[in-house]
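Note on naming: letters A, B, ... go to the chains in the order of the sequence lines (proteins, then strands), and numbering restarts at 1 for each one. Only heavy atoms go into these numbers, but all of them, side chains included; no hydrogens, no water, no symmetry mates.
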There are 2 protein chains.
Amino acid sequence: MARKPGSRAEITGPRLREAALRLFARHGYAAVSMRQIAAEVGVQAGALYQYIDDKQGLLFDLMRAHLEELLADWAASSPPAAPAPARLEHFARFHIRFHLTRPDAVFIAYMELRNLSPAHFAVIEALRRRYEDELEAILRAGQEEGSMAVPDTKLAAMALIAMLTGVNTWFREGGRLSRERVEDIYVDMVRKAVAG
Amino acid sequence: MARKPGSRAEITGPRLREAALRLFARHGYAAVSMRQIAAEVGVQAGALYQYIDDKQGLLFDLMRAHLEELLADWAASSPPAAPAPARLEHFARFHIRFHLTRPDAVFIAYMELRNLSPAHFAVIEALRRRYEDELEAILRAGQEEGSMAVPDTKLAAMALIAMLTGVNTWFREGGRLSRERVEDIYVDMVRKAVAG
DNA sequence: GGTTGAATTGAACAATTGTTCAGTCAAACA
DNA sequence: TGTTTGACTGAACAATTGTTCAATTCAACC
């Protein structure tokens with residue numbers, strides 16, 4: 001019937017995704033078995049198939065949810081019209097904050113692309129492309145305004161995103177540098193890299 | 001006794017590594033079976049164990065060989081003493097060229113770290129650290145010379161390497177931009193990003 | 001309290017995994 | 001030519017894989 005809050009299904013579903021995210025990020029998609037995920041959830045492996053089509057569909061769902069959240073958060077936080085340099089700084093800060101907040105999802109979305117079927121891969125690739133286009137639009141605006149010198153906006157967008165996302169590979173909360181300080185330094189490098 | 005050139009062993013050994021590199025890069029370490037590698041080499045799976053200890057040792061060998069070649073090539077190409085900006089440009093060009101030349105090895109060395117045993121991981125991590133230190137030394141020199149503004153040399157080194165390595169994710173030979181043009185644009189962004 | 005229906009179990013499946021090893025082969029030496 | 005020696009085969013191994021499904025459990029309804 002209508003599931004009441006607290007029913008088994010409403011608990012198992014989210015926990016399945018949390019466990020899969022953590023395990024895939026830690027050990028890699030191919031190295032994690034459905035039984036390991038099930039054990040983490042506290043359930044037998046067969047029960048997982050009430051919530052997913054198959055293992056690969058689970059990976060796809062995690063990736064898509066991540067990228068859709070990325071695009072939605074960006075759309076919600078993006079300031080309307082502003083000079084390109086301000087929009088660029090806003091993008092850089094948003095990107096770093098968003099990515100540092102969910103390292104597991106970021107890791108999976110970048111590393112497990114080859115485990116997707118071609119159809120699923122195309123969907124994920126298109127979502128990522130939409131995000132890259134957001135940055136590229138800012139750079140193009142800056143170029144046209146004359147406030148930036150960007151000979152190739154596509155290349156520059158890829159380069160800046162790679163640089164910003166790289167923060168996930170080394171930053172650890174409570175380390176030598178605070179998140180705010182890291183953000184400031186990255187923003188400075190980004191700004192200068194495309195300066196006219 | 002002494003193996004003659006062209007003996008089976010002298011052919012199988014290198015081909016094993018070539019096949020493993022290609023397959024690991026394409027499908028991921030965990031998703032490739034020893035039998036797939038053996039088939040690619042034209043041999044039965046058991047024969048591979050004449051050349052490797054186990055699957056994970058094979059992965060480790062590939063990574064170590066890659067990073068040692070990176071360090072050796074850098075040491076051989078590095079100009080003696082020069083102003084920091086010139087050394088930085090040299091590093092950027094070297095890095096892009098080296099990485100674009102061997103995308104499979106680069107991919108593996110960045111993506112399959114979690115499949116290494118702790119002992120093997122420590123070795124790989126140390127090698128990578130040595131390379132990062134090479135760039136950091138240049139940035140520190142630039143900061144001391146006054147020719148660069150780098151508030152945190154370690155952070156900047158990580159950021160620049162991430163940006164430069166990112167070229168591998170999108171660049172395709174014969175595409176819109178030539179390798180030389182890509183190199184020039186990246187060098188320009190790198191130079192400006194740390195400019196004073 | 002009994003009925004319903006979804007959530008879960010637990011066993012089963014065929015296939016595949018990394019690795020070992022006794023036997024076979026073929027090329028290099030004497 | 002016969003011997004030696006390393007490379008390779010092919011079968012075997014126990015373990016594990018993703019996935020299915022009849023049977024069971026258990027909470028929500030009448």
Spacing of [X] atom [atom1] relative to [N] atom [atom2], expressed in whole Å:
X: A/Q50; N: D/dT25; atom1: CD; atom2: P; answer: 17 Å
X: A/Y51; N: C/dT8; atom1: OH; atom2: C1'; answer: 9 Å
X: B/R15; N: D/dA7; atom1: CZ; atom2: P; answer: 16 Å

* To do: Examine A/L62 and A/Y131 and state if one hydrophobic cluster contains both, with Ile, Leu, Val, Met, Phe, Trp and Tyr joined whenever side-chain heavy atoms are less than 4.5 Å apart.
  => yes
* Which pairs, with at least one residue in residues 117-130 of chain B and sequence neighbours excluded, count as a salt bridge (charged side-chain N to carboxylate O under 4.0 Å, His left out)? ->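 Qualifying pairs, neighbours excluded: B/R129-B/D133.
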* Asked: Tell me, which pairs form a side-chain hydrogen bond (donor to acceptor under 3.5 Å, both in side chains) where one or both residues lie in residues 184-195 of chain A, sequence neighbours left out?
  ->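 Checked against side-chain hydrogen bond (donor to acceptor under 3.5 Å, both in side chains) - neighbours excluded - the pairs reaching residues 184-195 of chain A are A/R93-A/D184, A/W170-A/Y186, A/D188-A/R191.
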* Asked: Quick one: side-chain hydrogen bond (donor to acceptor under 3.5 Å, both in side chains) pairs with a partner in residues 38-50 of chain A, sequence neighbours left out?
  -> A/R22-A/E40
* Mind checking salt bridge (charged side-chain N to carboxylate O under 4.0 Å, His left out) for B/D104 and listing every partner two or more places apart, or none if nothing turns up? => none
Could you list all N or O pairs between the protein and nucleotides 16-20 of chain C that sit under 3.5 Å apart?
| residue | atom | partner | partner atom | Å |
| --- | --- | --- | --- | --- |
| C/dT17 | OP1 | B/S33 | OG | 3.4 |
| C/dG18 | OP1 | B/V32 | O | 3.3 |
| C/dG18 | OP1 | B/K55 | NZ | 3.0 |
| C/dG18 | OP2 | B/M34 | N | 2.9 |
| C/dG18 | N7 | B/R35 | NH1 | 2.9 |
| C/dG18 | O6 | B/R35 | NH2 | 3.0 |
| C/dT19 | OP2 | B/Y49 | OH | 2.5 |
| C/dT19 | OP2 | B/K55 | N | 2.9 |
| C/dT19 | O5' | B/Y49 | OH | 3.3 |
| C/dT19 | O4 | B/R35 | NH2 | 3.2 |

* Measure across B/V41 and B/T12 and return the closest heavy-atom pair with its distance rounded to 0.1 Å. => CG1-CG2, 3.9 Å
* **Nearest-neighbour nucleotide for the B/Q44 side chain, D/dC8, D/dT9, C/dT9 considered** => D/dT9
* To do: Fill in the dot-bracket string of DNA chain C, one character per base: . for unpaired, | for a pair to another strand, ( ) or [ ] for pairs within the strand, taking Watson-Crick or G-U pairs under 3.5 Å.
  => ||||||||||||||||||||||||||||||
* To do: Verify the contact: side-chain N or O of A/T12 to OP1 or OP2 of C/dT8, cut-off strictly under 4.0 Å; return yes or no.
  =>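 Checking A/T12 against C/dT8: at least one side-chain N or O falls below 4.0 Å of OP1 or OP2.
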* To do: Indicate the ring-plane relationship of B/H66 and B/H99, choosing parallel, tilted or perpendicular according to the 30° and 60° boundaries.
  =>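 Judged by the thresholds at 30° and 60°, the geometry between B/H66 and B/H99 is perpendicular.
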* Just checking, A/R102 and A/F98: is the charged tip under 6.0 Å from the six-membered ring centre and within 45° of the axis? -> yes
